[in-house]
Amino acid sequence: MKLIALEEAFAVPELLSRQPLPKKTLTADRWMREWNRLLVDFTEERLPDMDAYGIDIQVLSLTVPGIQGIADTTQAIADARQANDFLATVIARHPDRFAGFAALPLQDPEAAADELERAVTELGLRGALVNDHTGGHYYDEPQFDVVWSALEDLDVPLYLHPGAPPADSWHVLDGRPELIGPLWAWGAETGAHALRLVLGGVFDRHPRARLILGHMGEALPFQLARLDSRYQRQRDRTLHRNPSAYFGDNIHITVSGVWSHAALTGAIEAIGVDSIMFAIDYPYELTSQAVDFLASAPLADDELPKISHRNAERLLRLPS
(Lines give C-alpha, C1' and ligand atoms only; values in the text may rest on other atoms or scores of the structure.)
Protein backbone atom coordinates (compact mmCIF):
# COMPACT_ATOMS: atom_id res chain seq x y z
CA MET A 1 0.00 0.00 0.00
CA LYS A 2 1.65 3.19 -1.19
CA LEU A 3 1.17 5.99 1.33
CA ILE A 4 1.40 9.72 0.73
CA ALA A 5 0.81 11.83 3.85
CA LEU A 6 -0.31 15.41 3.22
CA GLU A 7 -0.28 17.28 6.54
CA GLU A 8 3.20 16.77 7.95
CA ALA A 9 4.79 19.63 9.86
CA PHE A 10 8.33 20.93 9.96
CA ALA A 11 10.04 23.95 11.48
CA VAL A 12 12.96 26.16 10.53
CA PRO A 13 15.10 26.38 13.69
CA GLU A 14 15.62 30.16 13.51
CA LEU A 15 11.93 30.80 12.88
CA LEU A 16 10.81 28.42 15.62
CA SER A 17 12.89 30.35 18.13
CA ARG A 18 11.04 33.55 17.17
CA GLN A 19 7.61 31.97 16.80
CA PRO A 20 7.29 29.09 19.24
CA LEU A 21 4.37 26.67 19.21
CA PRO A 22 1.16 28.18 20.60
CA LYS A 23 1.15 28.26 24.42
CA LYS A 24 -2.52 29.01 25.04
CA THR A 25 -3.46 25.34 24.81
CA LEU A 26 -3.24 22.89 27.69
CA THR A 27 -0.95 20.49 25.84
CA ALA A 28 1.40 18.82 28.31
CA ASP A 29 4.92 20.25 28.40
CA ARG A 30 6.52 16.89 27.60
CA TRP A 31 4.69 16.78 24.28
CA MET A 32 5.69 20.35 23.46
CA ARG A 33 9.34 19.46 24.06
CA GLU A 34 9.01 16.32 21.95
CA TRP A 35 7.39 18.16 19.06
CA ASN A 36 9.95 20.97 19.10
CA ARG A 37 12.67 18.34 18.74
CA LEU A 38 10.97 16.38 15.96
CA LEU A 39 9.87 19.39 13.92
CA VAL A 40 13.43 20.33 12.99
CA ASP A 41 14.57 16.76 12.28
CA PHE A 42 14.35 15.08 8.89
CA THR A 43 16.82 12.19 8.93
CA GLU A 44 17.46 10.98 12.48
CA GLU A 45 13.86 10.10 13.40
CA ARG A 46 11.47 11.29 10.68
CA LEU A 47 12.73 9.10 7.82
CA PRO A 48 13.15 6.02 10.06
CA ASP A 49 9.60 6.54 11.31
CA MET A 50 8.37 6.75 7.72
CA ASP A 51 10.28 3.59 6.83
CA ALA A 52 8.99 1.69 9.85
CA TYR A 53 5.35 2.26 8.90
CA GLY A 54 5.55 2.36 5.12
CA ILE A 55 5.12 6.08 4.45
CA ASP A 56 6.45 6.69 0.96
CA ILE A 57 6.15 10.49 0.88
CA GLN A 58 5.49 13.20 3.43
CA VAL A 59 4.19 16.50 2.05
CA LEU A 60 5.84 18.97 4.42
CA SER A 61 4.45 22.30 5.59
CA LEU A 62 5.58 24.98 8.02
CA THR A 63 4.18 24.33 11.48
CA VAL A 64 1.76 26.54 13.40
CA PRO A 65 1.45 29.46 13.73
CA GLY A 66 3.66 29.82 10.68
CA ILE A 67 3.64 33.06 8.78
CA GLN A 68 0.10 33.83 10.01
CA GLY A 69 1.51 34.63 13.45
CA ILE A 70 3.63 37.57 12.27
CA ALA A 71 2.36 41.12 12.73
CA ASP A 72 5.01 42.89 10.63
CA THR A 73 4.39 42.54 6.90
CA THR A 74 8.03 42.95 5.86
CA GLN A 75 9.07 40.26 8.33
CA ALA A 76 6.29 37.97 7.12
CA ILE A 77 7.47 38.24 3.51
CA ALA A 78 11.08 37.54 4.49
CA ASP A 79 10.17 34.61 6.74
CA ALA A 80 7.96 32.99 4.12
CA ARG A 81 10.76 33.19 1.58
CA GLN A 82 13.24 31.75 4.09
CA ALA A 83 10.90 28.91 5.04
CA ASN A 84 10.21 28.00 1.42
CA ASP A 85 13.89 28.07 0.48
CA PHE A 86 14.68 25.89 3.49
CA LEU A 87 11.93 23.44 2.55
CA ALA A 88 13.12 23.23 -1.05
CA THR A 89 16.61 22.36 0.20
CA VAL A 90 15.25 19.56 2.38
CA ILE A 91 13.23 18.15 -0.52
CA ALA A 92 16.23 18.34 -2.86
CA ARG A 93 18.17 16.10 -0.47
CA HIS A 94 15.39 13.49 -0.40
CA PRO A 95 13.31 14.06 -3.56
CA ASP A 96 11.71 10.61 -3.45
CA ARG A 97 10.53 10.98 0.15
CA PHE A 98 9.45 14.59 0.60
CA ALA A 99 7.30 17.12 -1.22
CA GLY A 100 6.10 20.43 0.14
CA PHE A 101 3.51 23.16 0.54
CA ALA A 102 4.63 26.78 0.49
CA ALA A 103 4.15 29.23 3.34
CA LEU A 104 2.50 32.47 2.22
CA PRO A 105 2.78 36.03 3.61
CA LEU A 106 -0.91 36.84 3.31
CA GLN A 107 -0.31 40.06 5.23
CA ASP A 108 0.37 41.36 1.69
CA PRO A 109 -1.80 39.45 -0.82
CA GLU A 110 0.17 40.64 -3.85
CA ALA A 111 3.42 39.50 -2.24
CA ALA A 112 1.77 36.21 -1.30
CA ALA A 113 0.75 35.60 -4.91
CA ASP A 114 4.28 36.37 -6.07
CA GLU A 115 5.77 34.04 -3.47
CA LEU A 116 3.36 31.27 -4.43
CA GLU A 117 4.43 31.57 -8.07
CA ARG A 118 8.11 31.49 -7.09
CA ALA A 119 7.60 28.53 -4.77
CA VAL A 120 5.77 26.50 -7.39
CA THR A 121 7.63 27.41 -10.58
CA GLU A 122 11.16 27.80 -9.18
CA LEU A 123 11.23 25.66 -6.04
CA GLY A 124 8.90 22.89 -7.17
CA LEU A 125 6.47 23.09 -4.25
CA ARG A 126 3.02 21.58 -4.77
CA GLY A 127 0.70 24.26 -3.41
CA ALA A 128 0.46 26.21 -0.17
CA LEU A 129 -0.63 25.69 3.41
CA VAL A 130 -1.75 28.55 5.63
CA ASN A 131 -2.82 28.50 9.26
CA ASP A 132 -6.34 29.95 9.22
CA HIS A 133 -6.77 33.75 9.14
CA THR A 134 -4.02 36.37 8.93
CA GLY A 135 -4.35 39.16 11.46
CA GLY A 136 -8.11 38.65 11.66
CA HIS A 137 -8.55 38.83 7.89
CA TYR A 138 -10.33 35.94 6.16
CA TYR A 139 -9.68 34.89 2.60
CA ASP A 140 -13.13 35.61 1.20
CA GLU A 141 -12.20 39.29 1.46
CA PRO A 142 -11.69 40.93 -1.98
CA GLN A 143 -7.99 41.68 -1.47
CA PHE A 144 -7.24 37.95 -1.53
CA ASP A 145 -8.69 37.37 -5.00
CA VAL A 146 -5.19 37.84 -6.40
CA VAL A 147 -4.06 34.79 -4.42
CA TRP A 148 -7.02 32.68 -5.55
CA SER A 149 -6.30 33.67 -9.14
CA ALA A 150 -2.67 32.62 -8.71
CA LEU A 151 -3.77 29.26 -7.29
CA GLU A 152 -6.00 28.74 -10.34
CA ASP A 153 -3.31 29.80 -12.81
CA LEU A 154 -0.69 27.55 -11.21
CA ASP A 155 -3.19 24.67 -10.79
CA VAL A 156 -2.23 24.02 -7.16
CA PRO A 157 -4.36 23.74 -3.99
CA LEU A 158 -4.47 25.75 -0.80
CA TYR A 159 -4.50 23.74 2.43
CA LEU A 160 -6.41 25.66 5.13
CA HIS A 161 -5.01 24.51 8.46
CA PRO A 162 -5.81 25.65 12.01
CA GLY A 163 -3.40 27.44 14.28
CA ALA A 164 -3.31 31.20 13.79
CA PRO A 165 -3.31 33.34 16.92
CA PRO A 166 -6.94 33.93 17.97
CA ALA A 167 -8.69 36.76 16.15
CA ASP A 168 -11.20 37.21 18.96
CA SER A 169 -12.37 35.66 22.21
CA TRP A 170 -15.21 33.15 22.46
CA HIS A 171 -17.01 33.50 25.77
CA VAL A 172 -18.18 29.90 25.46
CA LEU A 173 -14.55 28.87 26.03
CA ASP A 174 -14.16 30.91 29.23
CA GLY A 175 -13.33 28.66 32.15
CA ARG A 176 -12.73 25.68 29.89
CA PRO A 177 -9.20 26.27 28.57
CA GLU A 178 -8.92 22.66 27.40
CA LEU A 179 -11.35 23.57 24.59
CA ILE A 180 -8.87 26.11 23.23
CA GLY A 181 -6.66 24.84 20.41
CA PRO A 182 -6.69 21.43 18.73
CA LEU A 183 -9.12 19.72 21.10
CA TRP A 184 -12.04 21.79 19.77
CA ALA A 185 -11.71 25.48 18.93
CA TRP A 186 -9.19 25.20 16.10
CA GLY A 187 -11.40 22.86 14.11
CA ALA A 188 -14.49 24.99 14.66
CA GLU A 189 -12.64 28.16 13.68
CA THR A 190 -11.16 26.64 10.53
CA GLY A 191 -14.46 25.06 9.53
CA ALA A 192 -16.15 28.43 9.90
CA HIS A 193 -13.42 30.01 7.78
CA ALA A 194 -14.02 27.43 5.05
CA LEU A 195 -17.74 28.23 5.13
CA ARG A 196 -16.90 31.92 4.73
CA LEU A 197 -15.05 31.00 1.54
CA VAL A 198 -18.05 29.09 0.22
CA LEU A 199 -20.71 31.61 1.22
CA GLY A 200 -18.49 34.52 0.23
CA GLY A 201 -18.50 33.25 -3.35
CA VAL A 202 -14.78 32.47 -3.61
CA PHE A 203 -15.43 29.32 -5.65
CA ASP A 204 -17.96 31.06 -7.88
CA ARG A 205 -15.37 33.73 -8.69
CA HIS A 206 -12.58 31.13 -8.91
CA PRO A 207 -14.22 27.90 -10.06
CA ARG A 208 -10.90 26.10 -10.65
CA ALA A 209 -9.57 26.84 -7.14
CA ARG A 210 -9.10 23.85 -4.82
CA LEU A 211 -9.08 23.96 -1.04
CA ILE A 212 -7.93 21.16 1.29
CA LEU A 213 -9.26 20.81 4.83
CA GLY A 214 -7.64 18.47 7.33
CA HIS A 215 -9.07 16.53 10.27
CA MET A 216 -11.81 14.83 8.20
CA GLY A 217 -12.86 18.17 6.77
CA GLU A 218 -13.09 19.94 10.14
CA ALA A 219 -16.47 18.17 10.63
CA LEU A 220 -18.11 19.96 7.68
CA PRO A 221 -18.91 16.85 5.58
CA PHE A 222 -21.34 15.81 8.30
CA GLN A 223 -23.23 19.11 8.18
CA LEU A 224 -23.86 19.43 4.44
CA ALA A 225 -27.55 18.57 4.51
CA ARG A 226 -28.13 21.11 7.26
CA LEU A 227 -26.15 23.76 5.40
CA ASP A 228 -28.21 23.28 2.25
CA SER A 229 -31.50 23.27 4.12
CA ARG A 230 -30.80 26.49 5.97
CA TYR A 231 -29.21 28.20 2.96
CA GLN A 232 -32.37 27.60 0.92
CA ARG A 233 -34.29 29.61 3.49
CA GLN A 234 -31.97 32.61 3.46
CA ARG A 235 -33.38 35.98 2.42
CA ASP A 236 -30.58 36.63 -0.07
CA ARG A 237 -29.04 33.70 -1.93
CA THR A 238 -26.17 34.61 -4.22
CA LEU A 239 -24.30 31.31 -4.68
CA HIS A 240 -24.38 29.50 -8.01
CA ARG A 241 -24.96 26.19 -6.21
CA ASN A 242 -25.98 24.82 -2.84
CA PRO A 243 -23.15 24.91 -0.27
CA SER A 244 -22.76 21.11 -0.38
CA ALA A 245 -21.95 21.17 -4.10
CA TYR A 246 -18.59 22.82 -3.50
CA PHE A 247 -17.44 19.86 -1.37
CA GLY A 248 -15.88 17.13 -3.44
CA ASP A 249 -15.46 19.62 -6.27
CA ASN A 250 -13.56 22.65 -4.99
CA ILE A 251 -13.06 21.35 -1.45
CA HIS A 252 -11.09 18.19 -0.65
CA ILE A 253 -10.24 16.74 2.74
CA THR A 254 -7.66 14.66 4.53
CA VAL A 255 -8.18 12.24 7.41
CA SER A 256 -5.42 13.71 9.59
CA GLY A 257 -5.84 12.96 13.28
CA VAL A 258 -9.37 11.53 13.03
CA TRP A 259 -8.87 7.80 13.37
CA SER A 260 -12.55 6.88 13.15
CA HIS A 261 -13.89 4.43 10.60
CA ALA A 262 -17.39 5.75 11.19
CA ALA A 263 -16.25 9.27 10.30
CA LEU A 264 -14.37 8.05 7.23
CA THR A 265 -17.38 6.09 5.97
CA GLY A 266 -19.60 9.12 6.50
CA ALA A 267 -17.17 11.41 4.68
CA ILE A 268 -17.05 9.06 1.70
CA GLU A 269 -20.84 9.04 1.57
CA ALA A 270 -20.96 12.83 1.89
CA ILE A 271 -18.31 14.04 -0.58
CA GLY A 272 -17.05 10.96 -2.45
CA VAL A 273 -13.92 8.87 -2.13
CA ASP A 274 -12.14 10.79 -4.90
CA SER A 275 -11.88 13.85 -2.64
CA ILE A 276 -10.38 12.22 0.47
CA MET A 277 -6.66 11.81 1.12
CA PHE A 278 -4.42 10.27 3.74
CA ALA A 279 -2.51 12.41 6.24
CA ILE A 280 -0.96 11.87 9.64
CA ASP A 281 -0.32 15.33 11.16
CA TYR A 282 3.22 14.29 12.11
CA PRO A 283 4.70 14.84 14.65
CA TYR A 284 1.52 15.82 16.49
CA GLU A 285 -0.08 12.43 15.76
CA LEU A 286 1.49 8.96 15.75
CA THR A 287 2.32 7.40 12.39
CA SER A 288 1.53 3.94 13.75
CA GLN A 289 -2.05 4.91 14.61
CA ALA A 290 -2.62 6.61 11.26
CA VAL A 291 -1.41 3.61 9.27
CA ASP A 292 -3.32 1.11 11.40
CA PHE A 293 -6.47 3.19 10.94
CA LEU A 294 -6.22 3.20 7.16
CA ALA A 295 -5.09 -0.41 6.82
CA SER A 296 -8.07 -1.64 8.85
CA ALA A 297 -10.65 0.71 7.31
CA PRO A 298 -13.73 -0.92 5.75
CA LEU A 299 -12.87 0.20 2.23
CA ALA A 300 -13.51 -1.43 -1.12
CA ASP A 301 -10.49 -2.61 -3.10
CA ASP A 302 -10.66 0.40 -5.41
CA GLU A 303 -11.20 2.91 -2.57
CA LEU A 304 -8.07 2.22 -0.51
CA PRO A 305 -5.48 3.22 -3.15
CA LYS A 306 -7.40 6.39 -3.93
CA ILE A 307 -7.22 7.55 -0.33
CA SER A 308 -3.72 6.23 0.33
CA HIS A 309 -2.02 7.87 -2.66
CA ARG A 310 -3.86 8.25 -5.96
CA ASN A 311 -5.99 11.27 -5.05
CA ALA A 312 -2.92 13.07 -3.73
CA GLU A 313 -0.92 12.23 -6.85
CA ARG A 314 -3.67 13.68 -9.02
CA LEU A 315 -4.35 16.81 -6.97
CA LEU A 316 -0.68 17.65 -6.33
CA ARG A 317 0.58 16.31 -9.67
CA LEU A 318 3.03 13.99 -7.94
CA PRO A 319 4.73 11.19 -9.88
CA SER A 320 2.72 7.97 -9.73
Side-chain angles (χ1 to χ4, degrees), residues 1-9 46-61 91 94-101 124-129 155-161 208-222 224 244-320:
M1 179 171 63
K2 183 177 182 180
L3 290 171
I4 299 176
L6 262 71
E7 188 185 313
E8 318 313 319
R46 188 185 297 254
L47 280 172
D49 183 79
M50 292 168 63
D51 291 339
Y53 297 104
I55 306 299
D56 293 273
I57 296 172
Q58 279 192 359
V59 183
L60 303 172
S61 51
I91 294 169
H94 305 279
D96 297 328
R97 306 306 303 278
F98 297 134
F101 289 128
L125 302 185
R126 303 292 175 164
L129 182 145
D155 192 22
V156 294
L158 177 70
Y159 202 127
L160 187 65
H161 186 275
R208 292 180 292 108
R210 277 82 48 79
L211 184 79
I212 304 173
L213 296 173
H215 317 111
M216 210 68 77
E218 310 295 2
L220 292 179
F222 316 108
L224 296 184
S244 66
Y246 299 90
F247 289 79
D249 184 1
N250 301 98
I251 300 176
H252 304 251
I253 73 170
T254 72
V255 303
S256 57
V258 181
W259 316 136
S260 164
H261 291 157
L264 177 60
T265 300
I268 292 172
E269 289 292 326
I271 69 170
V273 71
D274 291 332
S275 298
I276 302 173
M277 296 168 285
F278 179 67
I280 301 165
D281 205 355
Y282 179 95
Y284 304 111
E285 298 282 352
L286 298 177
T287 306
S288 58
Q289 292 180 350
V291 173
D292 287 346
F293 156 77
L294 188 62
S296 61
L299 297 171
D301 290 344
D302 63 335
E303 291 177 327
L304 179 59
K306 288 182 177 182
I307 294 174
S308 71
H309 67 97
R310 287 180 185 165
N311 293 340
E313 289 170 343
R314 183 184 70 253
L315 188 62
L316 305 186
R317 290 178 292 151
L318 293 166
S320 58

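Basis for what follows: all heavy atoms, side chains included, without hydrogens, waters or symmetry-related copies.
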Side chain to side chain contact (heavy atoms under 4.5 Å, CB included) assessment of Glu7 paired with Tyr284: CA-CA 10 Å; Glu7 188 185 313; Tyr284 304 111; over 6 Å; no
For the NE2 atom of His94 and the CD atom of Gln58, what is their distance to the nearest 0.5 Å? 11.5 Å
Is Arg210 close to Asp155 at the side-chain level, that is, under 4.5 Å between some pair of heavy atoms? yes
Atom pair CD1/CG of Ile57 and Leu6 - distance to nearest 0.5 Å: 10.0 Å
Show your reasoning for whether side chain to side chain contact (heavy atoms under 4.5 Å, CB included) applies to Leu47 and Phe98. CA-CA 10 Å; Leu47 280 172; Phe98 297 134; 3.8 Å; yes
Between Tyr159 and His161, what is the ring plane arrangement, given parallel below 30°, perpendicular above 60°, and tilted in between? tilted
If every non-hydrogen atom of Pro221 is compared with every non-hydrogen atom of Ala270, which pair is closest and at what distance? O-CB, 3.4 Å
Value for CG (Asn311) from CG (Leu316), rounded to nearest 0.5 Å, stands at 10.0 Å
Could you tell me which non-hydrogen atom of Ala312 sits nearest to which non-hydrogen atom of Leu318, and how far apart they are? O-CD1, 4.1 Å
Non-hydrogen side-chain atoms of Leu211 and Asn250 separated by less than 4.5 Å: no
Could you check whether any side-chain heavy atom of Leu224 comes within less than 4.5 Å of a side-chain heavy atom of Ile271, counting everything from C-beta outward? yes
Could you tell me which non-hydrogen atom of Ser61 sits nearest to which non-hydrogen atom of Leu129, and how far apart they are? OG-CD1, 3.5 Å
State, yes or no, whether a side-chain contact exists between Leu286 and Trp259 at a heavy-atom distance under 4.5 Å. no
How long is the span from the CG atom in Leu60 to the CD1 atom in Ile91, to the nearest 0.5 Å? 6.0 Å
Please say which of Thr287, Leu294, Val255, Val291 ends up in a side-chain contact (heavy atoms from CB on, under 4.5 Å) with Ile280. Thr287
Flag the pair Lys306 / Ile276 as yes when at least one side-chain heavy-atom distance between them is below 4.5 Å, and no otherwise. no
Partner residues of His261 under the side chain to side chain donor-acceptor pair (under 3.5 Å) criterion, sequence neighbours left out: Ser296
Can you list the steps and then say if Met216 with Leu264 is a side chain to side chain contact (heavy atoms under 4.5 Å, CB included)? CA-CA 7 Å; Met216 210 68 77; Leu264 177 60; 4.1 Å; yes
Are the side chains of Leu304 and Met1 in touch, meaning some heavy atoms are under 4.5 Å apart? yes
Working to the nearest 0.5 Å, report the span between CZ of Phe247 and CG of Leu220. 4.5 Å
So how far is it from Ser275 OG to Leu213 CG, rounded to the nearest 0.5 Å? 11.5 Å
For residues Thr254 and Gly214, report the shortest heavy-atom separation together with the two atoms involved. OG1-CA, 3.3 Å
If I compare all heavy atoms of Asp56 with all of Met50, which pair ends up nearest, and what's the gap? O-CE, 4.0 Å
Should Arg310 and Asp274 count as an ion pair when the cut-off is N to O under 4.0 Å? no
Does the distance from a Lys or Arg side-chain N to an Asp or Glu carboxylate O, for Glu8 and Arg46, drop under 4.0 Å? no
Can a donor-acceptor pair be found, under 3.5 Å and without considering hydrogens, that links the side chain of His252 to the backbone of Asp249? yes
Smallest separation among heavy atoms of Thr265 and Pro298, with atom names: OG1-CG, 4.1 Å
Given the rule in the side chain to side chain contact (heavy atoms under 4.5 Å, CB included) test, do Arg126 and Leu315 qualify, once you have shown the distances and angles that lead to the verdict? CA-CA 9 Å; Arg126 303 292 175 164; Leu315 188 62; over 6 Å; no
